[in-house]
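A short worksheet on the structure shown next.
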Amino acid sequence: MNAAVIPHRIVIVGGGAGGIELATRLGRTVGRGRQAEVILVDASPTHIWKPLLHEVATGALNSGEDEVNYFAHAWRNGYRFEYGFMTGLDRAARSVHLAEVRDDEGTVMSAARELAYDTLVIAVGAVANDFGTPGVAEHCMFLNNPQDAEKLRKRILALTFAASAHASTVPLRIAIIGAGPTGVELSAEIHHTICEMHHYGANFTPDRLEITLIEAGERILAAAPSTLADYATAELEKRGIQVFTHRRVEAVEPGVVMLADGTQLAIDIAVWAAGVKASPWLAELGLEVNRGNQIKVTTTLQTLTDPAIFAIGDCSEAPDGEGGRPLAATAQVAHQEAEWLAGALADKLAGREVVPFVFKPQGIMVSLGKHTAVGSLAAIVGPKRNYYVEGRGAKLIYASLYRIHQAAVHGWPLTILLWMGDKLRRVARPAIKLH
C-alpha cells in the first residue's frame, strides 16, 4: 500500500480583504481539488470589509449583519481556519508561531502553537501611524478595526444625547485628523448620522454640530485628481464641515487639538485618520522591510528574503512593475494581488510558469454620505485618462465595490441574495443604530 501523499500546505496569515479573498479562491480550486491544504489564520473569528468601518462607527451599518464567520466560511469554501495571532516565524523549520487566544473573561480559547507551512502568505494589513505626534495614542480614537468602530459609535452616541440634554447653545465638537478617503468619508457620515438623530429622540439641531477635518497637505484626497478634491471640499463645506488644509497637528491633549500654527481647537472627540503603517512586529521576522515596517516583495509578490514566503496588501511594499514605485496601501491593490496570487500559486503547484503581477488602476471612489460620492474611474477609459463621476451615480458605483468584494468571498448568487436581504433590512429597521 502506498503511503498517503501529504498535500502542499499554504498558510495565509491575516483575514482582511486580501487574505480572505485569497483563501476563498484557493480553497475552491486547489483546496477542493486536493492539490493543497489551505489554512487561513486570524486573531478574530469574523471578517468585515475595512472600507465599511466608517458606517459601523456611525451606526449606519450593523457590523453583525455584514460580518463573515471564518469557521463557517472555511467549511463552505474548501479551506481551514485557525484562530490565533502570529507572533513569530521559524524559516528554517517553515513554521509560524501563534499566540494563545483568550476571551474577555480570560478563558483560553486557543492555545499557543506552531503551524507548519510549505508556502506562507502574510496579509496582516496595517495599523494607524501617528508619526510620533504627542498625545495621539492617548487622546485620539481610531478606525482600524470593528472594535475601534464600535467604540467610536458609542462615544458619538453618548455625547450626542448628552448635548441634547443641555442648553441649546452647547455644541458637539469633533475633529478628524487626516483627509484621505477614511477621514473624508467619516466626516460626511458623522454629519449625516447626527443630523438624522433628531428623528429618533435626540433634541439636537445640526447648527450645534462642529466637525473640523484637518489635513497637513495642500488639499484633501491627495491621491485623487484635484478636480475631485475640490468637489469633495465644496460638498463638505456646504454641510457646514470646516476643512483645514496646510494645517499640521503638533499635539493632542485632553479636549484640545494643537496645530503647528498655534491654533488650539477645543474638541469633544478627536479621530486620527492621518495614515497607516505596517505592524512593528513584522520587522522582527527576519524579512527585509522598509521604514514603515512593510515587507518588501518582488513583482511575483515573493519576499526578497525567502521565495517560499509571499506578502500582499497593506503590510507589503510591492513595486508597480519591475523597478516601479511602490503600490499604495488600498483595498483595490489587495483585491488584485489576492486574485493574481490565487492563480499564480495554482500555476506553481501545477508546474506552470508564473508571470509577474501587474496592477491595473481602477480609479478612486469616495463616499460623501448616504446619497452622494465622488470618484474617477480609470478602468473605463484606460490608465492615461479618467472618467469623473459624482453625486448619486457615483454613490451607486461606490456601493458596487463592496458587492464585488462580497462576490469574491461568497460568489455572485449569494451576493445578490445578501444585497436583497440588506435592502429589506434597511426598510424594516431604523437607518441608525442607537443602542
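All values derive from a computational prediction rather than experimental measurement.
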Who pairs with K238 by side-chain contact (heavy atoms from CB on, under 4.5 Å), at least two apart in sequence or on another chain?
E235
Taking only residues at least two apart or on different chains, which pairs with a member in residues 139-148 satisfy side chain to side chain donor-acceptor pair (under 3.5 Å)?
none
Is T303 reaching over with its side chain to a backbone N or O of D306, donor-acceptor style, under 3.5 angstrom?
yes
Residue pairs involving residues 213-223 (criterion side chain to side chain donor-acceptor pair (under 3.5 Å); sequence neighbours excluded):
none
Modelled atom types, side-chain donor and acceptor of Q332 and T330, under 3.5 Å
no
Listed pairs under 3.5 Å, donor-acceptor, residues 78-86 side chains, sequence neighbours left out:
residue	atom	partner	partner atom	Å
Y79	OH	H73	ND1	2.8
R80	NE	E82	OE2	3.2
R80	NH1	E37	OE2	2.5
R80	NH2	E82	OE2	2.8
E82	OE1	R113	NE	3.2
E82	OE1	R113	NH2	3.0

Quick one: are H410 and V68 in side-chain contact, heavy atoms under 4.5 Å?
yes
A223: what forms a side-chain contact (heavy atoms from CB on, under 4.5 Å) with it, not counting sequence neighbours?
none
Sequence-distant partners of A72, side-chain contact (heavy atoms from CB on, under 4.5 Å), two or more places apart
N69, R76
Residues 264-279, side-chain donor-acceptor partners within the protein, below 3.5 Å, at least two apart:
residue	atom	partner	partner atom	Å
D268	OD1	R173	NH2	3.4
D268	OD2	R173	N	2.8
D268	OD2	R173	NE	3.3
W272	NE1	N129	O	2.9

Would you tell me whether T298 and T300 have side-chain atoms, one donor and one acceptor, within less than 3.5 Å of each other?
yes
Report, one line per pair, each donor and acceptor closer than 3.5 Å where one atom sits in a side chain of residues 309-320; sequence neighbours left out.
residue	atom	partner	partner atom	Å
S316	OG	G313	O	3.0
E317	OE2	N290	ND2	2.8

Is E185 reaching over with its side chain to a backbone N or O of G183, donor-acceptor style, under 3.5 angstrom?
no
According to side-chain contact (heavy atoms from CB on, under 4.5 Å), who are the partners of V11, at least two apart in sequence or on a separate chain?
R9, V13, I39, V41, L115, Y117, L120
Report the residues that fulfil salt bridge (charged side-chain N to carboxylate O under 4.0 Å, His left out) with R248, sequence neighbours left out, ordered by chain and then residue number.
none
Any donor-acceptor pair under 3.5 Å from E21 side chain to V409 backbone
no
Has T193 got a side-chain atom pairing as donor or acceptor with I190's backbone, closer than 3.5 angstrom?
no
Could you work out, with side chain to side chain donor-acceptor pair (under 3.5 Å) as the rule, every residue matching T263, not counting sequence neighbours?
R247, D261
Expected output: side-chain T160 to main-chain I156 donor-acceptor under 3.5 Å
yes
Mark yes or no for whether H47, through its side chain, and A17, through its backbone, hold a donor-acceptor pair below 3.5 Å.
no
With sequence neighbours excluded, what pairs up with K296 under the salt bridge (charged side-chain N to carboxylate O under 4.0 Å, His left out) test?
E288
